[in-house]
Peer 1: 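Sharing a structure below in structure tokens format, with a few things to ask.
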Amino acid sequence: MKEIKIKKNCFKISCIGAGYVGGPTMAVIADKCPHIQVYVLDLNKNRIKDWNSENPKDFPVFEPGLEEIILRTRGKNLFFTTDIEENISDSDMVFLSVNTPTKTSGIGSGRASDLRWIEKCARQVADASNGHTIVIEKSTLPVRTASTIKTILNSPSKKEDNKGKSFAVLSNPEFLAEGTAINDLENPDRVLIGGEDEKAIETLAGIYKNWVDDKKIIRTNLWSSELSKLTANAFLAQRITSINSVAAICEATGADVNEVSLAIGTDTRIGNKFLKSGPGFGGSCFKKDILNLVYLCRFFGLENISNYWESVVNLNSWNQNRITEIVVNKLFGTLAEKKIVLLGFAFKANTNDTRESSAITISKNLLIEGADLKIHDPQVSEKQISIELEKVLNNEVNTSFESEFSKFSFEKVDDIYDAFIDADAIIVVTEWEEYSKLDWEKISRLMRHPAWVFDTRSIVNKEEVLKTNINLWNIGIG
Ligand SMILES: NC(=O)c1ccc[n+]([C@@H]2O[C@H](COP(=O)([O-])OP(=O)(O)OC[C@H]3O[C@@H](n4cnc5c(N)ncnc54)[C@H](O)[C@@H]3O)[C@@H](O)[C@H]2O)c1
């Protein structure tokens, strides 16, 4: 076992990638370990500028509780910077927390992970590091990526740079859920560390032990750790898809999905979490991680298993699309010149993340049907909504932005009640708490009738809606 010698007078961690995982994860480590120096590195200058902003509203990631942690640690033992090489060079431990999206071209396009960012940062560490460095996969990666990372680390671009360098590679996937990231990081169900180098494993475990009980720290081999992250996300996504499929059966049969969830969730083998039906799962991870698993299965010749997991993604797309079909049917088969209010654009409540949000697919479909869309979200900016819709509509019309995109009518609204004036329908897409407290009497007076509310999250106050003359459609009930 190699002795881990601290390079400076204080243990130093760097994390490459200041995103939804790197930012909150490092903030919590810095908060729980004041004796450790934590540097969050990113090549995106704007992102780093925003993390360093005096105004917490500028922070690139919104998570309940994050702002307070950043404000008490930043500048003390937590630093956000674009000085990547110089900070890698004297770090004892480097986390790789960069994006690993699905490949969009070439071999494995649409399924395999695009590993260009992880490869690039492994090369940066190979070249810039000094002495012994523990390198940790924090990104979600295909099984056996650690082997690629080891190869790169042991081959710096100039051979003479190799002198005196050594590495231990660990897998330490992140299980936080956006919207509850800080609570998940502070009170994790488990911490998973995969690796072969015992000393490195215990050094990393030692950091977590500052606030996590050792019993919750699971040590495995590298490949089990990498595969566990993909599997966890595949199971979670499958569970959402299962309850969403039951929701559709409920709507067809007169059963109530909330009652079914309650009834099955009391079975301890099933458990009551993650049984809420909705407009389909979103977020940057579930789809890409299942597709990654699908790709791996095909690669290893496991065709039936690959098809099984792929069907989860296909059913989720179906679920996202069926919401629009219901809306169009209820609104007499056309949305032309109809004003529709979309409540929520983030993929779930308590985050500003819009990646793979069902709101994108629903908005796209409504706009193609000719609707005039007013979109409200307490945390997502107008710019972000525009970026997402521009991307998806341009793909759809497969033509130039100038000639086609301008045809679509949508805007972000800040005053929610203003948006309801003369609206034909309201669709609740994200489960922000404020949408459960709306004044339906007032809304009914503002809307054009016959008016509809489509609740894809089962959060509106049904009794209050039913007191008005607004029609209500509720997911999993009808
Ligand atoms: N978002 C989640 O909820 C979540 C949860 C668990 C795991 N993960 C995984 O964690 C990883 C990161 O996800 P994220 O949501 O934080 O991504 P993100 O896109 O928010 O952040 C990644 C950051 O890495 C930076 N980056 C990329 N290459 C770089 C390089 N060579 N040098 C410096 N910076 C570089 C990018 O500029 C970006 O700011 C992914 O593999 C993801 O699957 C995400």
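Each ligand, and each atom within it, is numbered from 1 in the order the structure gives. Keep in mind that this is a model prediction, so the values were computed, not measured.
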Peer 1: Polar contacts were defined as any N/O atom of the residue lying under 3.5 Å from an N/O atom of the ligand; does this apply to Trp117 and ligand 1?
Peer 2: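 In this structure, Trp117 places no N or O atom under 3.5 Å from an N or O of ligand 1.
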Peer 1: One pair to check against side-chain hydrogen bond (donor to acceptor under 3.5 Å, both in side chains): Gln238 and Tyr308. What are the steps and the verdict?
Peer 2: CA-CA 10 Å; Gln238 176 209 45; Tyr308 169 68; 2.3 Å; yes
Peer 1: Looking only at side-chain N and O atoms, does Asn221 offer a donor or acceptor that is under 3.5 Å from a partner on Ser224?
Peer 2: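 Present: a donor and an acceptor within the cut-off.
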Peer 1: So which bit of Ile16 gets within less than 4.0 Å of ligand 1, heavy atoms only: side chain, backbone, both or neither?
Peer 2: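 Side chain only; the backbone of Ile16 stays clear of ligand 1.
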Peer 1: Can a donor-acceptor pair be found between the side chains of Ser113 and Asn292 at a distance below 3.5 Å?
Peer 2: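 Asn292 and Ser113 do have a side-chain donor-acceptor pair below 3.5 Å.
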Peer 1: Quick one: nearest non-hydrogen protein atom to atom 2 (C) of ligand 1, plus distance?
Peer 2: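 That would be Glu178 OE2, 3.2 Å.
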Peer 1: What I want to know is whether Asp42 and ligand 1 share at least one N or O pair that is separated by under 3.5 angstrom.
Peer 2: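 Yes, there is a polar N/O contact under 3.5 Å.
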Peer 1: Does the side chain of Arg322 come under 3.5 Å of the side chain of Asn244 through a donor N or O and an acceptor N or O?
Peer 2: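 No pair is found: no donor N or O on one side chain lies under 3.5 Å from an acceptor on the other.
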Peer 1: Heavy-atom pairs closer than 4.0 Å: do any link ligand 1 to the side chain of Cys285, the backbone, both, or neither?
Peer 2: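 Near ligand 1, Cys285 shows its side chain, while the N, CA, C and O stay back.
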Peer 1: At less than 4.0 angstrom from any non-hydrogen atom of Gly17, what atoms of ligand 1 do you find?
Peer 2: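 Within the 4.0 Å cut-off of Gly17, ligand 1 contributes 23 (C), 24 (O), 25 (C).
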Peer 1: Return the closest protein heavy atom for atom 12 (C) of ligand 1 as residue, atom name and distance.
Peer 2: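 Protein heavy atom at minimum distance: Val98 O, 3.4 Å.
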Peer 1: Need the ligand 1 atom indices (1-based, order shown) with element for anything under 4.0 Å from a heavy-atom of Arg47.
Peer 2: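 Under 4.0 Å from Arg47, ligand 1 has these atoms: 18 (P), 19 (O), 20 (O), 21 (O), 23 (C), 38 (C), 39 (O).
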Peer 1: Tell me, which protein residue and heavy-atom name are nearest atom 41 (O) of ligand 1, and how many Å apart are they?
Peer 2: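 Checking every protein heavy atom, the shortest distance to atom 41 (O) of ligand 1 gives Thr100 OG1, 2.6 Å.
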Peer 1: How about Lys165 and Asn130: does a side-chain donor come under 3.5 Å of a side-chain acceptor?
Peer 2: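 Note: Lys165 and Asn130 side chains miss the donor-acceptor criterion.
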Peer 1: N/O of Asp289 under 3.5 Å from N/O of ligand 1, yes or no?
Peer 2: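 For ligand 1, there is no N or O atom that lies under 3.5 Å from one belonging to Asp289.
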Peer 1: Consider every N or O of Lys138 and every N or O of ligand 1, then say whether any pair is closer than 3.5 Å.
Peer 2: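 No: no nitrogen or oxygen of Lys138 is under 3.5 Å from one in ligand 1.
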Peer 1: Show which atoms of ligand 1 fall inside a sub-4.0 Å distance from at least one heavy-atom site of Ser97.
Peer 2: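 Those qualifying, in numeric order: 12 (C), 22 (C).
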Peer 1: Quiz question: by atom type and distance under 3.5 Å, do the side chains of Asn87 and Ser14 form a donor-acceptor pair?
Peer 2: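 Side-chain D/A pair, Asn87 to Ser14: absent.
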Peer 1: What's the shortest distance from atom 30 (C) of ligand 1 to any protein heavy atom, and which residue and atom give it?
Peer 2: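 Of the protein heavy atoms, Leu43 CD2, 3.4 Å lies nearest.
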Peer 1: Will you find, in the side chains of Tyr39 and Asp90, an N or O donor that is under 3.5 Å from an N or O acceptor?
Peer 2: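 Distance-only check fails for Tyr39 and Asp90.
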Peer 1: Which is it for Ile84 and ligand 1 at heavy atoms under 4.0 Å: side chain, backbone, both or neither?
Peer 2: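 The part of Ile84 near ligand 1 is the side chain, not the backbone.
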Peer 1: Working to the nearest 0.5 Å, report the span between CD of Glu137 and CZ of Phe95.
Peer 2: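 Here the rounded value is 12.0 Å.
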Peer 1: Got an N/O contact under 3.5 Å between Tyr20 and ligand 1?
Peer 2: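 The answer is yes, given that Tyr20 and ligand 1 share an N or O pair closer than 3.5 Å.
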Peer 1: Heavy-atom distances under 4.0 Å decide this one: backbone, side chain, both or neither, for Ala181 against ligand 1?
Peer 2: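 Neither part.
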Peer 1: Charged N to carboxylate O under 4.0 angstrom, Lys412 versus Asp414?
Peer 2: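 Result for this pair is yes, salt bridge flagged.
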Peer 1: Is the closest side-chain donor-acceptor distance between Lys288 and Thr100 under 3.5 Å?
Peer 2: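 Thr100 and Lys288 do have a side-chain donor-acceptor pair below 3.5 Å.
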Peer 1: Compute whether any side-chain donor of one residue and acceptor of the other, for Ser171 and Glu226, lie under 3.5 angstrom apart.
Peer 2: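 Glu226 and Ser171 do not have a side-chain donor-acceptor pair below 3.5 Å.
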Peer 1: Is the shortest side-chain N to carboxylate O distance from Glu68 to Arg72 below 4.0 Å?
Peer 2: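 Salt bridge flag = no for Arg72 with Glu68.
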Peer 1: In the protein, what heavy atom is nearest to atom 43 (O) of ligand 1, and what distance, to one decimal place, separates them?
Peer 2: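 Protein heavy atom with the smallest distance to atom 43 (O) of ligand 1: Lys288 NZ, 2.5 Å.
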Peer 1: Could Arg74 and Trp51 be counted as a cation-pi pair, given that NZ or CZ must be under 6.0 Å from the ring centre and within 45° of the axis?
Peer 2: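 No cation-pi geometry.
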Peer 1: What atoms in ligand 1 come closer than 4.0 Å to a heavy atom of Ser284?
Peer 2: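 Atoms satisfying the 4.0 Å criterion: 1 (N).
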Peer 1: Nearest protein heavy-atom contact for atom 44 (C) of ligand 1: which residue, which atom, what distance?
Peer 2: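 Here the nearest protein heavy atom works out to Val21 CG2, 3.2 Å.
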Peer 1: To which protein heavy atom is atom 9 (C) of ligand 1 closest, and what is the distance rounded to 0.1 Å?
Peer 2: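 Result for atom 9 (C) of ligand 1: Thr140 OG1, 3.4 Å.
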Peer 1: When you look for heavy atoms under 4.0 Å from ligand 1, do you find them on the side chain of Arg355, its backbone, both, or neither?
Peer 2: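 Side chain only.
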Peer 1: What protein heavy atom lies closest to atom 27 (C) of ligand 1? Include the residue and the distance to one decimal.
Peer 2: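 Protein heavy atom with the smallest distance to atom 27 (C) of ligand 1: Asn99 OD1, 3.2 Å.
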